[in-house]
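Below: the structure, in structure tokens.
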2 protein chains.
Amino acid sequence: MSKNAISNSVIRRLPRYYRFLGELEKNGYDKISSRELAEKMSLTASQIRQDFNCFGEFGQQGYGYNVSELRRQIGIILGLDSKTPMILIGAGNLGTALASHLDFGSVGFRLVGIFDTNKEIIGKKIGDIAITDIERLPDFCKTAKPVSAILCVPDTAVEKTVESLVNLGIRAFWNFTHCELHSDSEDIIAENVHLGDSLTTLSYRINSEKH
Amino acid sequence: MSKNAISNSVIRRLPRYYRFLGELEKNGYDKISSRELAEKMSLTASQIRQDFNCFGEFGQQGYGYNVSELRRQIGIILGLDSKTPMILIGAGNLGTALASHLDFGSVGFRLVGIFDTNKEIIGKKIGDIAITDIERLPDFCKTAKPVSAILCVPDTAVEKTVESLVNLGIRAFWNFTHCELHSDSEDIIAENVHLGDSLTTLSYRINSEKH
DNA sequence: TAGATTGTTAATCGATTAACAATC
DNA sequence: TAGATTGTTAATCGATTAACAATC
């Protein structure tokens, strides 16, 4: 139960806190102060305390924060205790890499199905999930009831794919296509990932160094 | 030649401008006003004009912006006219997907080599580049002189890999490992991509909907 | 208790938005 | 010329940082 509207800047920092606290826990830290954590994460202690206090009081004056307890709390805030069922649409290079590379459980999801149109790969397995003909998706959704999807389809297929997924009850999209989805219009949630944009900023920084 | 220090917020928006202008150009737009562009990109016209004016005067009063000229200019600002030679370290699932999926030329890079330690995949080709034994990297660097690298190695190998790459003259890193590289310390540039963090924010938004 | 560090309010800084004169 | 839209300054808003009383 969050106090007020949480700003996007704070939300974007939460997963990073969660990761760093995981590292600390792994390295045997029991407690940590905002000052120490700030140093490790290249932030300010003030910011860290402000961020945490959006959600409650997790520390103890004179002591600091209990690492594993704080991590647990942030995990709950992020919804990592419930595993949202997710499907992958498009098992090309990128889709396959994501499905096999990513630990869905640790970020709040459970991959329950993989779909493609390409007959040549249908039936093959990625991890322990077989690639299924996308024509069987409607039936699949009736029983498995996934609510989120990874979009790894060609740009030309995005519009139709999204429309049919929305009709099948999918509400959240992790979108790797070059077409941006807008969360506002429908009651859908979209996280648009533009790997190209990320690399482009690297180009900027490399080249702007030369004044 | 940028006027002053450009804020990070602006830099992060530049690739998106570039993409949208590309779409507009493809769709036959000759000119566009900041108001129109703002609507398409869900920004404000003010912000767009402010952003562009960090770098110069690209528009014309009473007319708007010439789409292809503006795009060309932003491309130059982003350094997309020079193709920085880049190597991929680690040809697992993700590395392979990036190497084959991404149009490096259009984001200012040229993929010139792919390296791995796994004898089983050395010699195989991704696109038209053969996977090479990483032991041959020092020789390769002497002639090809790459200055940037994609890091797709296991977390355990990151530290040593980065150290040797820096010694070989690599200065810019597109980092997909879970270990963050800090741009400050050395004169290196790092773009840390945390796909898990991106998905985690989706989990937050799905779950925080339920108040 | 004294020392440390949080939670929280106040001050500052930067980014976004609004307004408008310049000008095509 | 009149209308449109930029470039740019000023106002607002939000996010970050600093300060400090509360308290463990």
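Quick caveat, the model's predicted, so the values are computed rather than measured. Each chain gets a letter, A, B and so on, in the order the sequences are listed, and its residues count up from 1.
Atom CG of A:Leu37 and atom P of C:dT5 are 13 Å apart (whole Å). Taking atom CZ of B:Phe55 as the reference point, atom P of D:dT8 lies 14 Å away to the nearest angstrom. We find that CG of B:Asp51 is positioned 7 Å from P of C:dT16, with the value rounded to whole Å. Counting to the nearest Å, the P atom of D:dG7 and the CD1 atom of B:Ile48 are 12 Å from each other. The nearest whole Å value for the distance from the CD atom in A:Gln61 to the P atom in C:dT6 is 8 Å. Rounded to an integer number of Å, the gap from CD of B:Gln73 to C1' of D:dG7 is 16 Å. Atom pair A:Ile32:CD1 and C:dT5:P shows a separation of 11 Å (rounding to whole Å applied). Protein atom CG of A:Asn8 is 20 Å distant from nucleotide atom P of D:dC13, rounded to whole Å.
Taking 4.0 Å as the cut-off between side-chain N and carboxylate O, B:Lys40 and B:Glu23 do not count as a salt-bridged pair.
Nearest to the side chain of B:Arg49, among C:dT6, D:dT8, D:dA15, sits D:dT8. For A:Asn53, the side-chain atoms get nearest to C:dT8 when compared with the rest of D:dT16, C:dT5, C:dT8. Among C:dT6, D:dT5, D:dT6, the nucleotide with an atom closest to any side-chain atom of B:Lys31 is D:dT5. Checking D:dT9, C:dT16, D:dC24 against every side-chain atom of B:Gln47, the shortest atom distance belongs to C:dT16. When each of D:dT17, D:dT6, D:dC24 is scored by its nearest atom to the side-chain atoms of A:Gln60, the top-ranked nucleotide is D:dC24.
Positionally, the nearest nucleotide of DNA chain D for B:Ala45 lies more toward the 5' end than for the other of B:Ala45 and A:Val10. Between A:Tyr63 and A:Leu43, the one whose closest nucleotide on DNA chain D sits nearer the 5' end is A:Leu43.
Under the Watson-Crick or G-U wobble criterion, with both distances below 3.5 Å, C:dA22 is paired with D:dT5. Pair assignment for D:dA15 gives C:dT12, based on Watson-Crick or G-U wobble hydrogen-bonding distances that are each under 3.5 Å.
Applying the 4.0 Å criterion to OP1 and OP2 of C:dT16, one finds that B:Thr44 has every side-chain N and O outside that range. Between A:Tyr65 and the phosphate of C:dG7, there is a side-chain N or O to OP1/OP2 separation shorter than 4.0 Å.
Summarising the local packing, OH of B:Tyr29 is surrounded by 12 or fewer heavy atoms from other residues, nucleotides or ligands at distances under 6.0 Å. In this structure, B:Asp30 places its CG atom where only 12 or fewer heavy-atom neighbours from other residues, nucleotides or ligands lie under 6.0 Å away. Enclosure of atom CD in A:Glu159 is not indicated, since only 12 or fewer non-hydrogen atoms of other residues, nucleotides or ligands lie within 6.0 angstrom.
Ring geometry, B:His178 versus A:His101: the interplanar angle falls under 30°, so the pair is classed parallel (tilted spans 30 to 60°).
Counting any heavy atom pair closer than 4.0 Å across all strands shown, B:Ser46 reaches a base atom. At a threshold of 4.0 angstrom between heavy atoms, the contacts of A:Phe52 with the nucleic acid are absent.
In terms of polar N and O atoms assigned as donor or acceptor, the side chain of A:Glu57 never comes within less than 3.5 Å of the base of D:dT23 in a complementary pairing. One N or O donor and one acceptor, one from the side chain of B:Gln50 and one from the base of D:dT9, sit under 3.5 Å apart.
Counting only distance, with no hydrogens or angles, the side chain of A:Ser148 and the backbone of A:Pro85 share a donor-acceptor pair below 3.5 Å.
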